[in-house]
4 protein chains.
Amino acid sequence: MARGNTRQRIQDVALELFAEQGYEKTSLREIAERLDVTKAALYYHFKTKEDIVISLFQDLTRPIDELIAWAEEQPHTLETKQEILRRYQEALVGAYPLFRFMQENQATVRELSIGETFKERMITMTRLIQEPGLALTDRVRCVSALFTMHAGMFFMQHVEGDPEDKREAVLEVAVDLVSQAHHGPRG
Amino acid sequence: MARGNTRQRIQDVALELFAEQGYEKTSLREIAERLDVTKAALYYHFKTKEDIVISLFQDLTRPIDELIAWAEEQPHTLETKQEILRRYQEALVGAYPLFRFMQENQATVRELSIGETFKERMITMTRLIQEPGLALTDRVRCVSALFTMHAGMFFMQHVEGDPEDKREAVLEVAVDLVSQAHHGPRG
Amino acid sequence: MARGNTRQRIQDVALELFAEQGYEKTSLREIAERLDVTKAALYYHFKTKEDIVISLFQDLTRPIDELIAWAEEQPHTLETKQEILRRYQEALVGAYPLFRFMQENQATVRELSIGETFKERMITMTRLIQEPGLALTDRVRCVSALFTMHAGMFFMQHVEGDPEDKREAVLEVAVDLVSQAHHGPRG
Amino acid sequence: MARGNTRQRIQDVALELFAEQGYEKTSLREIAERLDVTKAALYYHFKTKEDIVISLFQDLTRPIDELIAWAEEQPHTLETKQEILRRYQEALVGAYPLFRFMQENQATVRELSIGETFKERMITMTRLIQEPGLALTDRVRCVSALFTMHAGMFFMQHVEGDPEDKREAVLEVAVDLVSQAHHGPRG
DNA sequence: GATGAATGAGAGTTCATTCAT
DNA sequence: CATGAATGAACTCTCATTCAT
């Protein structure tokens with residue numbers, strides 16, 4: 001029937017279910033049934049269950065890697081940092097279900113071979129938005145800026161308001177935190 | 001050795017393993033083996049696997065419920081909010097492994113009967129540290145303050161510095177965010 | 001129902017089926033069905049399928065180990081060697097199905113952790129019935145004596161004659177081979 | 001590289017893997033991967049997995065069938081028997097991997113359609129090297145001569161000495177056994 | 001002469017859970 | 001207060017095989 005796109009369809013359904021129910025609680029049978037193929041068909045396209053999740057990761061990792069690569073070449077100005085945050089938020093929004101999956105299945109992800117990779121990206125990101133030699137509080141502000149954006153993705157659903165407005169507000173707060181850190185000890 | 005404390009020992013080991021490996025990947029066999037009892041023994045003390053995790057929850061929920069109860073009776077001053085954050089951090093530190101477990105197994109927790117409970121607590125917490133009628137950005141700041149503290153518990157391990165200093169810095173940033181929100185549109 | 005002897009029954013049925021159909025072609029489902037228990041029951045008694053086969057091995061290995069231990073303490077006379085062969089045949093007959101299984105599933109056995117163990121026993125056995133410094137032909141005779149007995153167990157079915165008579169004839173030929181070797185270059 | 005010889009290459013690889021790991025544990029996927037073709041390609045050349053093994057058999061069966069045909073026409077002298085053994089060893093050496101496969105996968109081979117065929121050949125062989133009406137012991141000697149040669153192929157690896165010398169010694173012992181049988185009750 | 005995509009059947013294994021003792 | 005023995009359901013994964021292209 002549908003031909004050539006089965007691999008993609010597996011990824012789509014898998015991501016949806018992983019995000020919804022968690023990785024462990026989603027069985028290959030379930031994925032296969034939704035696609036109306038057999039379990040064995042999944043194994044034609046992916047070597048293991050973990051392989052499916054790894055392939056999904058690249059969709060999130062690639063944009064962030066590109067962002068990091070771009071950031072490494074920019075001057076360390078406040079404008080750059082703002083732009084990093086803006087682009088980071090863009091990446092998060094663009095890969096929302098995957099990011100949600102990672103957020104909600106950290107215990108699983110940690111044991112999956114990509115766990116380290118992901119944490120490294122986060123560490124690199126914090127490095128990019130903070131100057132070396134910042135006071136501890138300001139370093140915390142930078143980490144906080146990043147996690148504010150993560151929180152913005154999930155918890156903010158429970159805050160009333162227009163989604164787009166909320167997104168902007170989240171970015172504003174994050175930028176603000178980084179600005180405070182950038183200018184150093186307030187004064 | 002000590003007798004009659006098996007129930008407690010089950011909880012301890014279960015929490016340790018749940019936090020380390022995740023709920024789904026931790027089997028009752030594993031818990032039983034660590035305790036050098038049989039699986040059936042676990043069933044003497046807990047009706048189901050989920051029951052174990054529910055019992056663990058109360059250790060985290062109770063302190064936070066107490067905190068909420070206390071906060072509800074205080075005046076809505078900035079000082080109160082600062083104290084709320086301080087006590088919240090205290091609760092987090094005091095129930096570190098459990099909190100880590102909840103953080104890293106959200107997908108699982110959501111499906112467990114306590115899932116809702118926990119999210120409600122979070123929503124209540126944000127309500128307590130923000131005035132009604134705040135601008136969206138300021139509401140974000142309050143949410144951000146809470147998540148800064150969560151991030152502080154886990155991600156801050158990757159930031160260099162004395163743990164105690166880091167904890168204080170985290171609290172300072174959180175308090176700062178709430179202060180900004182409290183004073184409303186900056187000026 | 002039948003209690004306490006399930007482990008033994010598993011071993012019995014497994015050995016029977018392994019010998020009949022081979023290790024790989026015998027599924028745990030089949031074993032379980034014959035015993036009228038579930039597959040999971042097998043796993044209560046044995047950690048893996050391989051574990052079943054390992055446990056079976058000990059029934060063959062132990063008598064042979066005892067034989068080796070006994071032989072090591074005897075003088076290297078012809079009489080001793082004859083007695084070794086006699087006892088070896090006894091061991092073979094006593095563990096007939098297991099031995100047949102090993103003989104017919106060598107490819108499998110080799111990959112199973114006990115493969116080496118078994119080969120070592122054979123090498124030790126040949127050492128015990130030959131003097132050091134024998135001519136090559138005589139060393140071959142000793143190996144041949146051993147394999148004659150193996151052949152005697154299986155292939156001799158296709159030779160007509162009373163089983164007991166055949167067994168004796170096999171032993172006689174084996175003893176003869178070892179005697180020739182013992183006396184060295186014929187003369 | 002060379003084209004049109006795929007069928008042969010499949011046989012070569014299959015035999016190698018079957019001998020090394022056993023028939024059941026060797027999957028068509030593995031064979032295909034080694035040849036860098038798809039599994040489906042194997043099905044172009046062979047109708048089933050069993051078909052591959054059957055095709056391999058003929059390489060061993062044919063020389064032995066020829067040997068049998070030749071032997072049937074010879075006078076029943078001792079010299080003929082010696083020559084049979086010599087040629088038999090030659091056939092074994094010439095089809096070493098296949099013979100090893102048969103030896104180590106008897107359980108499997110027995111269920112494969114060629115199982116009977118092979119056993120029949122063995123029985124015919126023993127008939128050829130023994131006179132009708134021999135004493136039981138002497139019949140055993142003849143069987144033993146054959147199995148000495150089999151043992152010589154595999155177990156003799158564990159005996160030190162030059163391979164060619166060992167081969168000769170094996171033949172010598174086999175011939176000796178048949179000679180003893182030929183001359184009947186020793187005297 | 002071969003591939004890409006898929007299937008159906010079944011494998012070994014693990015799990016939470018039960019219950020008589 | 002706990003064990004020994006077992007179950008039923010599910011799991012991930014592999015296999016030989018098929019067939020349209």
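Letters A, B, ... mirror the listed sequences (proteins, then strands); counts begin at 1. These numbers were taken from a predicted model, which means no experiment stands behind them.
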| request: Quickly work out the Gln8(C) CD to dA5(F) P distance and round it to whole Å. | output: 14 Å
| task | Could you list all the ring pair (Phe, Tyr, Trp, His ring centres under 6.0 Å) pairs where at least one residue sits in residues 46-66 of chain A, not counting sequence neighbours? | result | none
| message | List the residues meeting side chain to side chain donor-acceptor pair (under 3.5 Å) with Thr26(C), not counting sequence neighbours, and say none if there are none. | response | Gln21(C)
| task | Using whole Å, report how far CZ of Phe46(A) lies from C1' of dA6(E). | result | 15 Å
| Atom CD of Glu33(A) and atom C1' of dA10(F): how far apart are they, to the nearest Å? | 12 Å
| field | From CA spacing to verdict: salt bridge (charged side-chain N to carboxylate O under 4.0 Å, His left out), Glu33(B), Arg29(B) | value | CA-CA 6 Å; Glu33(B) 265 169 19; Arg29(B) 177 181 55 68; 3.6 Å; yes
| Does Thr6(A) place a side-chain N or O at less than 4.0 Å from the phosphate oxygens OP1/OP2 of dA6(E)? | yes
Dump every N/O contact between nucleotides 11-14 of chain E and the protein below 3.5 Å, one line per pair.
residue: dA11(E); atom: OP1; partner: Ser27(C); partner atom: OG; Å: 3.0
residue: dA11(E); atom: OP1; partner: Arg29(C); partner atom: NH2; Å: 3.1
residue: dA11(E); atom: OP2; partner: Arg29(C); partner atom: NE; Å: 2.9
residue: dG12(E); atom: OP1; partner: Lys49(C); partner atom: NZ; Å: 2.8
residue: dG12(E); atom: OP2; partner: Leu28(C); partner atom: N; Å: 2.8
residue: dT13(E); atom: OP2; partner: Tyr43(C); partner atom: OH; Å: 2.4
residue: dT13(E); atom: OP2; partner: Lys49(C); partner atom: N; Å: 2.8
residue: dT13(E); atom: O5'; partner: Tyr43(C); partner atom: OH; Å: 3.0
residue: dT13(E); atom: O4; partner: Lys39(C); partner atom: NZ; Å: 3.3

| field | Nearest-angstrom distance from the residue atom CG of Leu42(A) to C1' of dG8(E) | value | 14 Å
| task | Could I get the full list of ring-ring contact (aromatic ring centres under 6.0 Å, His included) partners for His150(A), not counting sequence neighbours? | result | Tyr88(A), Phe99(A), Phe147(A)
| Ion pair present between Glu30(D) and Arg34(D), side-chain N to carboxylate O less than 4.0 angstrom? | no
| message | Taking only side-chain N and O atoms of Tyr44(A), does any of them lie within less than 4.0 angstrom of OP1 or OP2 on dA5(E)? | response | yes
| field | Nearest-angstrom distance from the residue atom CG of Asp36(A) to P of dT7(E) | value | 8 Å
| query | Under 4.0 Å: is that the gap between some side-chain N or O of His45(C) and OP1 or OP2 of dG4(F)? | reply | no
| field | Those residues that, when tested against Thr48(B), pass side chain to side chain donor-acceptor pair (under 3.5 Å) (two or more places apart) | value | none
| Dot-bracket summary - DNA chain F, pairs being Watson-Crick or G-U whose distances fall under 3.5 Å, with | when paired to another strand | .||||||||||||||||||||
| query | Looking at residues at least two apart in the chain, or sitting in another chain, which of them share a ring-ring contact (aromatic ring centres under 6.0 Å, His included) with Phe18(D)? | reply | Tyr23(D), Phe101(D)
| task | For Glu50(A), enumerate each residue passing the side chain to side chain donor-acceptor pair (under 3.5 Å) test, keeping only those at least two apart in sequence or located in another chain. | result | Ser113(A)
| query | Counting side-chain heavy atoms from C-beta on, which of dT3(F), dA5(F), dT7(F) comes nearest to Ala41(B)? | reply | dT3(F)
| Could you give the CD1-to-P distance, from Ile31(C) to dG10(E), as a whole number of Å? | 17 Å
| With sequence neighbours excluded, residues passing ring-ring contact (aromatic ring centres under 6.0 Å, His included) with Tyr96(C) | Phe154(C)
